[in-house]
Amino acid sequence: MPDAITQPDPKRWKALIFIALAQLMVVLDATIVNIALPSAQADLGISDGNRQWVITAYALAFGGLLLFGGRISDLWGRKRAFVIGLIGFAAASALGGAAVNTGMMLGARALQGVFGALLAPAALSLLAVLFTEAKERAKAFGVFGAIAGAGGGVGLILGGLFTEYLNWRWTFFVNIPFAVVAAIGAIATINEPAGSRNRSKLDIPGVVLATLGLVALVYGFTRAESDGWDSGVTIGMFVVAAVLLLAFVLVEKKVKAPLLPLRVLTDRNRGGVYVSLGLAAIAMFGLFLFLTYYLQVVRGYSPVKTGLAFLPMIAMMIVGSTQLGARLMTRVPARWLMGPGFLLAAVGMVLLTQIDLDTSYTSVVLPGLLMMGLGMGTAFMPAMSLSTYGVEARDSGVASAMVNTSQQVGGAIGTALLNTIAASATTDYFKNHIAPGADQKTLTFQSMVHGYSTAVWWAAGILTLSALVAVVFINAGHQGGAVAGSGDGEAAEDAVPVMAH
């Protein structure tokens, strides 16, 4: 067995601090800007038509370049990719915070997406190669999983605080100290195991096809949300995405050094994790959006109060990830943590379908959030670990990138699909209940709540499907053995006897 496995890096736990800090920065950035968007729009004179591009520019760059970023981290080395990603993300954030017009803001958001696509897979793959002993790996992924799950909620809180008490520019500037500290710490503490790079020639056709295909797919869902599912642009984007991604698969089968080796996808357990996490992202992204609207628009919560309302969920995510997922993943197969975890979160969502105009936070919203947090925390941690468990070290970057890609595409689908469902249900409810002399303001709010409730029912169903996929398709044993970090595929499999094939 390689020395990298038998003699772990003595600085690995210090390295984890800075890897986790970088992950927190990337995850919270996904939601912190949403809270600040109305203020930024007013300050910079961004038109309503261009407003969505503040979110979309980041999503397209991040989602489209994740696989490329994962492959670059395997080629350059994960430490180098990680540090460059941090520096670039900080520079892009500074540009966004200093933006004076629409073009500067959109350019900054796109650059954040580019460097985020390099940083995110490098962070996850560093964990995969630094932590190979089962119990240590469980603890490390417990921390990482808690941050990945809770970061979005932290973003809502910070976004509310900055917007209300400082100004929207701080939602960008806050990334700079995170990135600087993480980069300095990474340089000082991270030492990659020898022989873990993939120095094969870069698959340029694969890069082009995957990037354009994923951009077309994410953009298609964005257009579906704004223009409808039957618009020419939406359908055209989906057709283009399907053609490009099919061509990508055909190219990957033939080239000598593929961007995404199909062995990463065809492993039953990793494939199951990607699908399950993608479905969970569809449900969670939509729910965050609707619950934020419900609390702020219907219940009149301030941005800060809205963020604080999510705190109990964040606390339970941390408990589920570090106290349940991390402690049990070396003894219990991942599917028996993921399946029940996603189901518990789905039950929490079902409770949230009971919201109305004057629902008590403590009797309905709070219990729903607590169940969701505990369930998602318990499920996410073993899923993230399993996504890179037993993978060859040279493939850890692209395997990590696939986790982020499944969540990013799932988030785009969730936002578009559930928004469409909510909007349609809202319109139908209003038409069916309008009557002469009716209080239109109250009816409008009632219609909105009905729309949110309908969409959350769908989200609960999708999360239940995610649990079913995890239980049926994932058949790995518990993650209780040392993990192979290099060598050929056969050797890697032999070193991970608990993986079922």
Closest approach of [X] and [Y], non-hydrogen atoms and distance?
{"X": "Leu130", "Y": "Ile19", "answer": "CD1-CD1, 4.1 Å"}
{"X": "Met313", "Y": "Leu369", "answer": "CG-O, 3.4 Å"}
{"X": "Leu214", "Y": "Leu245", "answer": "N-CD2, 4.2 Å"}
{"X": "Ser93", "Y": "Gln112", "answer": "OG-NE2, 2.9 Å"}
{"X": "Gly45", "Y": "Thr102", "answer": "O-OG1, 4.2 Å"}
{"X": "Val273", "Y": "Ala383", "answer": "CG1-O, 3.4 Å"}

So do [Y] and [X] actually touch side chain to side chain, heavy atoms under 4.5 Å?
{"X": "Asp267", "Y": "Tyr274", "result": "no"}
{"X": "Thr378", "Y": "Leu344", "result": "no"}
{"X": "Arg270", "Y": "Leu386", "result": "no"}
{"X": "Val181", "Y": "Leu21", "result": "yes"}
{"X": "Lys305", "Y": "Arg299", "result": "no"}
{"X": "Leu291", "Y": "Phe310", "result": "yes"}
{"X": "Asn419", "Y": "Phe290", "result": "yes"}

Donor-acceptor check, side chain of [X] to backbone of [Y], threshold 3.5 angstrom: yes or no?
{"X": "Ser321", "Y": "Met317", "value": "no"}
{"X": "Thr211", "Y": "Val208", "value": "no"}
{"X": "Tyr361", "Y": "Leu366", "value": "no"}
{"X": "Arg12", "Y": "Ile190", "value": "no"}
{"X": "Arg109", "Y": "Val54", "value": "yes"}

**OP:** Output all residues satisfying ring pair (Phe, Tyr, Trp, His ring centres under 6.0 Å) with Tyr58, sequence neighbours left out; order by chain, then residue number.
**Re:** Phe62
**OP:** Could you walk me through whether Phe89 and Phe115 pass ring-ring contact (aromatic ring centres under 6.0 Å, His included), step by step?
**Re:** CA-CA 5 Å; Phe89 201 91; Phe115 287 105; 8.2 Å; no
Original post:
Hey, mind stepping through Trp170 and Val174 against side-chain contact (heavy atoms from CB on, under 4.5 Å) and telling me if it holds?
Top reply: CA-CA 6 Å; Trp170 283 95; Val174 71; 5.5 Å; no
**OP:** Begin with the C-alpha distance, continue with both residues' side-chain angles, and end with the deciding distance and a verdict on side-chain contact (heavy atoms from CB on, under 4.5 Å) for Ile184 and Phe18.
**Re:** CA-CA 9 Å; Ile184 293 171; Phe18 303 110; over 6 Å; no
Subject >> Positive for side chain to side chain contact (heavy atoms under 4.5 Å, CB included) with Ser406, one of Leu66, Val275, Leu277, Leu279 >> reply: Leu277
Original post:
By side-chain hydrogen bond (donor to acceptor under 3.5 Å, both in side chains), which residues pair with Asn167, not counting sequence neighbours?
Top reply: none
Original post:
What residues, two or more places apart in sequence or in another chain, satisfy side-chain hydrogen bond (donor to acceptor under 3.5 Å, both in side chains) together with Thr171?
Top reply: none
So, taking the atom named [atom1] in [X] and the one named [atom2] in [Y], what distance separates them when rounded to the nearest 0.5 Å?
{"X": "Leu352", "Y": "Met372", "atom1": "CG", "atom2": "CE", "answer": "6.0 Å"}
{"X": "Thr322", "Y": "Arg327", "atom1": "OG1", "atom2": "CZ", "answer": "7.5 Å"}
{"X": "Leu217", "Y": "Met237", "atom1": "CG", "atom2": "CE", "answer": "11.0 Å"}
{"X": "Phe248", "Y": "Asp203", "atom1": "CZ", "atom2": "CG", "answer": "7.0 Å"}
{"X": "Ser466", "Y": "Met376", "atom1": "OG", "atom2": "CE", "answer": "7.0 Å"}
{"X": "Arg71", "Y": "Trp76", "atom1": "CZ", "atom2": "CH2", "answer": "11.5 Å"}

Subject >> side-chain contact (heavy atoms from CB on, under 4.5 Å) between Leu65 and Leu118, intermediate numbers included >> reply: CA-CA 8 Å; Leu65 291 170; Leu118 181 62; over 6 Å; no
Subject >> Verdict with supporting geometry, Trp168 and Gln41, side-chain contact (heavy atoms from CB on, under 4.5 Å) >> reply: CA-CA 10 Å; Trp168 64 267; Gln41 181 183 3; over 6 Å; no
Subject >> Within 45° cone of Phe82 ring axis and under 6.0 Å: Lys79 NZ or CZ >> reply: no
